[in-house]
Each structure stands twice: as structure tokens, then as C-alpha cells.
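Only heavy atoms go into these numbers, but all of them, side chains included; no hydrogens, no water, no symmetry mates.
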Amino acid sequence: MPLSTPQNRRQASTRETLFRCFRRDDGLWDIEGELRDYRQEAFGVRSGHIWQAGEFIHHMLIRATIDEAMGVQAIEAVMDAHPLGPCPQAIANMQRMVGCSMGRGWRKAIDQHLGKVEGCTHLRELLFNMATAAFQGLEEVRQARAPDALPPYLDTCTAWDVSGPVVEQVFPLHYRPAGHR
């Protein structure tokens, strides 16, 4: 499904993110996030460092191990590529996320434990979105445990409007006609 034809242009940079969810044999879950930034042409920065075309400026990975309640049991982060010498110092503070939940308040917990100079902007970006990967991966577990429970994603987007046709068909117990919320 292509976008419309763009104006003439030249690609300057690429950011790739990838999220994976794994069910472990011990009953826990691993959520992994990966971020890679690179440019299509060589470039330099004020510090004097020069990156070649296609060379990673950032290449960072996080693995958060969570339980079925989405509580963080363990976390690990690595930086295979980073632009500045002090960047890896932010990795140690990632341990502050152990004990937090990838449910409600996840973004607030990230800001509280890893905000500003306590963390890394790029690792925080990965963490923010790891929660949605966890929700996707654990959906079948939630449904099996509580098939009639109110799914947390209802009323969070156009498709999951509790007054809409999708909720009426998929979750009739939670459907609310417009004006009757």
C-alpha cells in the first residue's frame, strides 16, 4: 500500500526499530527491542568523528523479562554502536526498571527512573514501545485467564471504540451504544 508520489528528494537518514515477544519455557516472557540509525551518505559531527554511509550511529538492544502480569523481572541493554563516549553509562540505570509494570504508568516510570541525564533518549524510546509489543504477545494469555474481562485497549483508538462495530461484534458484553456510556 504505497503512499502518494513524493516530491523529488534525497534520503538523508534511516531509523529502524524492531520489537519481538518470546514465550519462555519457565513461564516468563522476553520482550526485545532494537534500534538502528544510519545515514545514506558519510557525515561528520563537531567532535570530529566521521561516519561512513550505512555505518550505524546507534545500534541498541534491550531485553526485558516480564511475568504474565507484565511486571519487569529482569532487564538487559547493550549498545553495539553509539555516537558519544559517555552513552554506555546510561545502561547501568536500566536496572531501575526492574519491579515496574509495563501496564498503566509505564511511561511515567520510565521518565521517573531514566528521565533526562539519568538515561539515554534512544533506550527510553525503545522502552516506551516495548509495552505495546508485550500487550500484543500476551493477549492470548489475558483472554484465556479472563475471557469476559474488559480488554485494556478498548476505547483507545478508532477501531476499538466501545460504541463501534468492532467492539459490538468482538466484545458484545462491553459494547455501549453511542450516547449510553
Side-chain angles (χ1 to χ4, degrees), residues 1-3 6-139 141 153 157:
M1 194 168 30
L3 296 168
Q7 296 293 322
N8 288 336
R9 60 191 188 167
R10 187 175 93 228
Q11 186 171 349
S13 66
T14 299
R15 168 165 289 176
E16 299 171 342
T17 55
L18 179 64
F19 299 93
R20 297 180 184 97
C21 181
F22 300 91
R23 181 190 304 247
R24 295 171 28 151
D25 292 341
D26 62 2
L28 297 175
W29 296 75
D30 283 338
I31 312 302
E32 294 182 353
E34 180 176 8
L35 179 143
R36 300 186 309 184
D37 282 329
Y38 55 93
R39 298 219 177 147
Q40 280 59 38
E41 297 177 4
F43 78 101
V45 293
R46 290 181 188 174
S47 68
H49 186 85
I50 296 175
W51 280 269
Q52 298 304 311
E55 180 182 358
F56 292 134
I57 304 159
H58 299 104
H59 186 196
M60 302 173 179
L61 298 101
I62 300 173
R63 178 184 302 129
T65 300
I66 63 172
D67 57 27
E68 288 184 358
M70 309 236 335
V72 177
Q73 304 298 305
I75 197 162
E76 175 184 357
V78 295
M79 293 183 179
D80 287 344
H82 52 85
L84 303 168
C87 292
Q89 294 174 16
I91 292 174
N93 289 344
M94 295 288 287
Q95 295 307 308
R96 297 174 182 176
M97 297 307 296
V98 173
C100 295
S101 171
M102 283 194 179
R104 289 195 188 278
W106 177 242
R107 286 178 177 259
K108 184 176 180 180
I110 293 168
D111 287 340
Q112 177 184 357
H113 296 299
L114 302 172
K116 302 196 186 264
V117 299
E118 297 299 311
C120 163
T121 300
H122 301 86
L123 292 177
R124 282 192 301 270
E125 287 180 22
L126 277 175
L127 282 173
F128 286 148
N129 293 300
M130 288 175 74
T132 57
F135 273 106
Q136 288 286 333
L138 275 70
E139 176 61 18
V141 172
Y153 48 83
C157 74

Closest non-hydrogen contact found for M102 with A64 is CE-CB, 3.7 Å

Kindly determine whether L123 and M79 satisfy side chain to side chain contact (heavy atoms under 4.5 Å, CB included), including the steps that lead there.
-> CA-CA 9 Å; L123 292 177; M79 293 183 179; 3.7 Å; yes

Does the side chain of H49 reach to within under 4.5 Å of the side chain of P83, using non-hydrogen atoms?
-> no

Take E68 and W29, measure what side chain to side chain contact (heavy atoms under 4.5 Å, CB included) needs, and give me the verdict at the end.
-> CA-CA 7 Å; E68 288 184 358; W29 296 75; 3.7 Å; yes

Identify the two heavy atoms, one from T14 and one from Q40, that lie closest to each other, and give their separation to 0.1 Å.
-> OG1-NE2, 2.8 Å

Spacing of CG belonging to D67 relative to CG belonging to L28, to within rounding of 0.5 Å | 6.5 Å

Enter the distance from L84:CG to I57:CD1 here, rounded to the nearest 0.5 Å.
-> 11.0 Å

Inter-residue atom distance E118.CD - H113.NE2, 0.5 Å rounding = 11.5 Å

Working for side chain to side chain contact (heavy atoms under 4.5 Å, CB included), residues Y153 and Q136 | CA-CA 11 Å; Y153 48 83; Q136 288 286 333; over 6 Å; no

Identify the two heavy atoms, one from A134 and one from I66, that lie closest to each other, and give their separation to 0.1 Å.
-> CB-CD1, 3.8 Å

Between W51 and F43, how do the two ring planes meet: parallel, tilted or perpendicular, split at 30° and 60°?
-> parallel

Rounded to the nearest 0.5 Å, what's the gap from CD1 on I91 to CD1 on I75? Could you check?
-> 11.0 Å

Quick one: CZ on R96 to CG on L114, what's the gap to the nearest 0.5 Å?
-> 7.0 Å

Measure the spacing between OG1 of T17 and CE of M130 and express it to the nearest 0.5 Å.
-> 11.5 Å

Does the side chain of L18 reach to within under 4.5 Å of the side chain of R36, using non-hydrogen atoms?
-> no

Axial cation check for F128 ring with R107, 6.0 Å and 45° limits = yes

Residues M70 and A131: closest non-hydrogen pair is CE-O, 4.1 Å

In this structure, are over 12 heavy atoms from other groups packed under 6.0 Å from R104 atom CZ?
-> no

Hey, is the main chain of L127 close enough, under 3.5 Å, to the side chain of W106 for a donor-acceptor pair?
-> yes

Do the side chains of R15 and H122 get nearer than 4.5 Å, heavy atoms only?
-> yes

Contact summary for A133 and F19, nearest pair of heavy atoms = CB-CB, 3.7 Å

V98 to A74 - nearest heavy-atom pair and separation | CG2-CA, 4.1 Å

Side chain to side chain contact (heavy atoms under 4.5 Å, CB included) evaluation trace for E34 with H59 = CA-CA 7 Å; E34 180 176 8; H59 186 196; 2.6 Å; yes

